Every structure is written in C-alpha cells, then in structure tokens.
Amino acid sequence: MTFAIAASMATNTQATAGDLSNFSALNQTEFLAVSKDLAAVTSTKALEPAASLGFTGFDVSASSSMTKIQDGAAWAKVSGGSTSYLMQTKLSISKGLSGGWDVGGFVSKVPSTHVSVAGVQVKYALLEGNAITPAIALRGSHSRMGGVSGMTLNNTGLDLLISKGFVGVTPYLGVGTVYSSAQATGKSDESFTQSKSFVGVSWNVLLVNLSAEYDRTGKNTSMGLKAGVRF
C-alpha cells in the first residue's frame, strides 16, 4: 500500500533518472550539488516518534519517500536522464532494548537508478513520556550508498525528537544535522554538513502502524509514508 501511494505521487513528477556514471561531465561545483541531492535522498529517515519501543518492542515496516532534486541540470549530465524527484523504497526493522535504548537498521533502493543504501540507527529516550509529558529522544544514524560505480557516499546523522501520544495517534517533530562525505573518480573529495528538520504523525489502523513525515535536509524536501507492525 505504501509503495503504491508513493508511486502515484511520482507519476507526473519523475522522469527517468538513469544511472550515475558520467562523473567526468561534472565540474567540482556540480559534483558537490549532486552529492548534496544524494545525501538528502539516502540519509536516514526513520519515520517514527520519539518514544522508545521498550524491551519487548519491535518495529518492522516498509516505507517510501519522495525527495525533490535541487540541481536537475547536474543530474542530467551525470546520469543521462532528467528528473525532478527521486523515490526511495525501504525495508526497516527496529528493536527495543532496556534503559530506553532502541537499535535498528534498513536497506533501500532508488528504483529509477542503481542506487542502493544500507543504514543503522540508535535512539535513546531522554524522557519516556506519559499521559501528561511528551517523549524526548536523541537518535544517531549512519547510512552508506552503494550500487554506483566510481562513487561512494556516507551520511552520519544526529537528531533530537519530541512526540506526544494521544488516543491512537502520535504527532512528532525534530531537528538535526547530517554530516556527509562523497568521493568519485576524477573528483576531489567533498565533505559537507546539512541541517535537518522534520514533522510527522504516527497512527494505528487495526494491527497496522502508519506514519507520514515531511523532511527538509539542506535545501531538499521529502515526503515519506510508512506502513508496518509496531508493538
């Protein structure tokens, strides 16, 4: 269901993005622009509230996100295709531990390219939250892009989240920073930092947990949808 909705979002906005291979066509400024676009796509978007899962808790889900590309001209040079948005599809799992800790990981694909991503995250509940007070948490994450011959990209994120649960629904928001490093054949290495902010809501429909999130990383905006089992 989540993938179908995301595909519908992309129907009129995403052309064939193509494979990333022609880095020689980019100057250094354009390589940095493509790297920032890819960092916004591939950095961790967990689509979850701040509250910890608890020692017996699990979250198993599928999600899709659409990210608006900022430099379409540079993308066309490196890929041979044109696009305004990139869609990412993801499978994720998280496990609650004792003491307010959660750990998780994900694998994902950008279907219109050869880009693949793997990532891990750790979340710590600073405040568990209850009927009156919100939950507050810190989350650290790392993701690595694969599937692109001649380029590597690593992202490390640190986020602060706050959420407040109500009957069947939990809105949340957060801010953070993404530190990225990019290397490509024939280009100088690039390291850069982008600010991050996001707002979302998680709710339950029978046994299914759903989440929707709006994210802004650097100048790139993303919309994400997630469906799974969270208990």
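On a predicted model such as this, the values are computed, not experimentally measured, just so you know.
Rounding to the nearest 0.5 Å places CG of Asp189 at 4.5 Å from CD of Gln183. Here the OH atom belonging to Tyr85 is positioned 4.5 Å from the NZ atom belonging to Lys68, to the nearest 0.5 angstrom. Note that NZ of Lys219 and CD of Gln70 are 7.0 Å apart. Values are rounded to the nearest 0.5 Å. Taking CG of Leu91 as the start and OG of Ser61 as the end, the distance is 8.0 Å to the nearest 0.5 Å. The distance from the CG atom of Asp37 to the CD1 atom of Ile69 is 4.0 Å, given to the nearest 0.5 Å. Atoms CZ and CG, on Arg230 and Asp59 in that order, are 4.5 Å from each other to the nearest 0.5 Å.
If you chain together hydrophobic residues whose side chains sit under 4.5 Å apart, Trp203 and Val208 fall into the same group. Under the 4.5 Å side-chain heavy-atom criterion for ILVMFWY residues, a single connected hydrophobic cluster contains both Trp75 and Val148. Side-chain heavy atoms closer than 4.5 Å link hydrophobic residues (I, L, V, M, F, W, Y) into clusters, and following such links, possibly through other members, connects Ile136 to Leu97. Both Leu138 and Val103 belong to a common hydrophobic cluster when Ile, Leu, Val, Met, Phe, Trp and Tyr are linked at side-chain heavy-atom distances under 4.5 angstrom. Both Val199 and Ile162 are assigned to one and the same hydrophobic cluster, defined by single-linkage of ILVMFWY side chains at heavy-atom distances under 4.5 Å.
Side-chain contact of Gln88 with Ser108: a donor-acceptor pair under 3.5 Å is present, judged by distance alone.
Judged purely by atom type and a 3.5 angstrom limit, Asn130 uses its side chain to pair as donor or acceptor with the backbone of Ile132. Under the 3.5 Å distance criterion, the side-chain polar atoms of His142 are left unmatched by any main-chain donor or acceptor of Asn154. Between the side chain of Ser163 and the backbone N or O of Ala50, at least one donor-acceptor pair lies under 3.5 Å. Listed for the Asn27 side chain is a donor-acceptor partner under 3.5 Å among the backbone atoms of Thr29. Under the 3.5 Å distance criterion, the side-chain polar atoms of Ser79 are matched with a main-chain donor or acceptor of Gly81.
Applying the salt bridge (Lys or Arg N to Asp or Glu O under 4.0 Å) test to every pair with at least one member in residues 113-122, sequence neighbours left out, gives no pairs at all. A salt bridge (Lys or Arg N to Asp or Glu O under 4.0 Å) check over residues 134-161, counting only residues at least two apart or in different chains, returns the pairs Glu48-Arg139, Arg139-Asp159. Contacts classified as salt bridge (Lys or Arg N to Asp or Glu O under 4.0 Å) and involving residues 92-102 (residues at least two apart or in different chains) are given here: Asp102-Lys123.
Closest of all the heavy-atom pairs between Ala39 and Ser180 is CB-OG, 3.5 Å. Ala74 and Val34 make their closest contact through CB-CG2, 3.7 Å (heavy atoms, listed as atom of the first residue, atom of the second, distance). Here the closest heavy-atom approach between residue Val178 and residue Ser43 is recorded as CG1-CB, 4.0 Å. Heavy-atom minimum distance, Ala125 versus Ala137: CA-CB, 4.1 Å. Taking both residues in full, the closest heavy atoms of Ser35 and Met151 are given as OG-CE, 3.7 Å, listed atom of the first, atom of the second, then distance. Listed here is the closest heavy atom pair of Ala182 and Leu153: CB-CD1, 3.8 Å.
Using a 4.5 Å heavy-atom threshold, the side chains of Val120 and Ser141 count as separate. Counting heavy atoms from C-beta outward, Val169 and Val201 have side chains that approach closer than 4.5 Å. Here the side chains of Ser52 and Glu128 are in contact, with some heavy-atom distance below 4.5 Å. Taking the side chain as every heavy atom from C-beta outward, Thr152 and Met145 never approach each other to under 4.5 Å. Looking at Arg216 and Ser195, their side chains never come closer than 4.5 Å, going by heavy atoms from C-beta outward. The side-chain heavy atoms of Met87 and Val110, taken from C-beta on, include no pair separated by under 4.5 Å. Pro171 places a side-chain heavy atom less than 4.5 Å from the side chain of Phe166. Side-chain contact between Leu160 and Leu126: present, with at least one pair of heavy atoms (C-beta onward) separated by less than 4.5 Å.
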Might you work through the side-chain hydrogen bond (donor to acceptor under 3.5 Å, both in side chains) test for Tyr172 and Glu213, ending with a clear yes or no? CA-CA 9 Å; Tyr172 63 91; Glu213 182 177 295; 2.6 Å; yes

Evaluate Leu225 against Ser211 for side chain to side chain contact (heavy atoms under 4.5 Å, CB included), listing each step before the verdict. CA-CA 6 Å; Leu225 298 170; Ser211 296; over 6 Å; no

List the steps, then state whether side chain to side chain contact (heavy atoms under 4.5 Å, CB included) holds for Ser222 with Lys45. CA-CA 9 Å; Ser222 302; Lys45 300 175 186 66; 3.5 Å; yes

Val107 and Lys90: CA distance, side-chain angles, deciding distance, side chain to side chain contact (heavy atoms under 4.5 Å, CB included) verdict: CA-CA 6 Å; Val107 292; Lys90 182 191 304 183; over 6 Å; no

Could you go through Thr113 and Asp19, starting from their C-alpha distance and side-chain angles, then the distance that decides it, and tell me whether this counts as side-chain hydrogen bond (donor to acceptor under 3.5 Å, both in side chains)? CA-CA 5 Å; Thr113 73; Asp19 186 27; over 6 Å; no

Test side chain to side chain contact (heavy atoms under 4.5 Å, CB included) applied to Ser63 and Phe106, step by step: CA-CA 10 Å; Ser63 62; Phe106 73 87; over 6 Å; no

Assess whether side-chain hydrogen bond (donor to acceptor under 3.5 Å, both in side chains) is satisfied between Asn22 and Ser24, documenting all intermediate values. CA-CA 5 Å; Asn22 193 16; Ser24 62; 3.0 Å; yes

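Counted within 6.0 Å of CZ on Phe55, heavy atoms from surrounding residues, nucleotides or ligands total 12 or fewer; the atom is thus considered open.
Contacts of Asp71 classified as salt bridge (charged side-chain N to carboxylate O under 4.0 Å, His left out), with partners at least two apart in sequence or in another chain: none. Evaluation of the ring pair (Phe, Tyr, Trp, His ring centres under 6.0 Å) rule for Trp101 yields Tyr124 as partners, not counting sequence neighbours. When the side-chain hydrogen bond (donor to acceptor under 3.5 Å, both in side chains) test is applied to Lys77, the partners found at least two apart in sequence or on another chain are Glu30.
The cationic group of Lys187 does not satisfy the cation-pi geometry with Phe31, failing either the under 6.0 Å distance to the six-membered ring centre or the 45° limit from the ring axis.
Tested against Lys196 for a side-chain hydrogen bond (donor to acceptor under 3.5 Å, both in side chains), the candidates Thr177, Asn220, Asp215 yield a single pass: Asp215.
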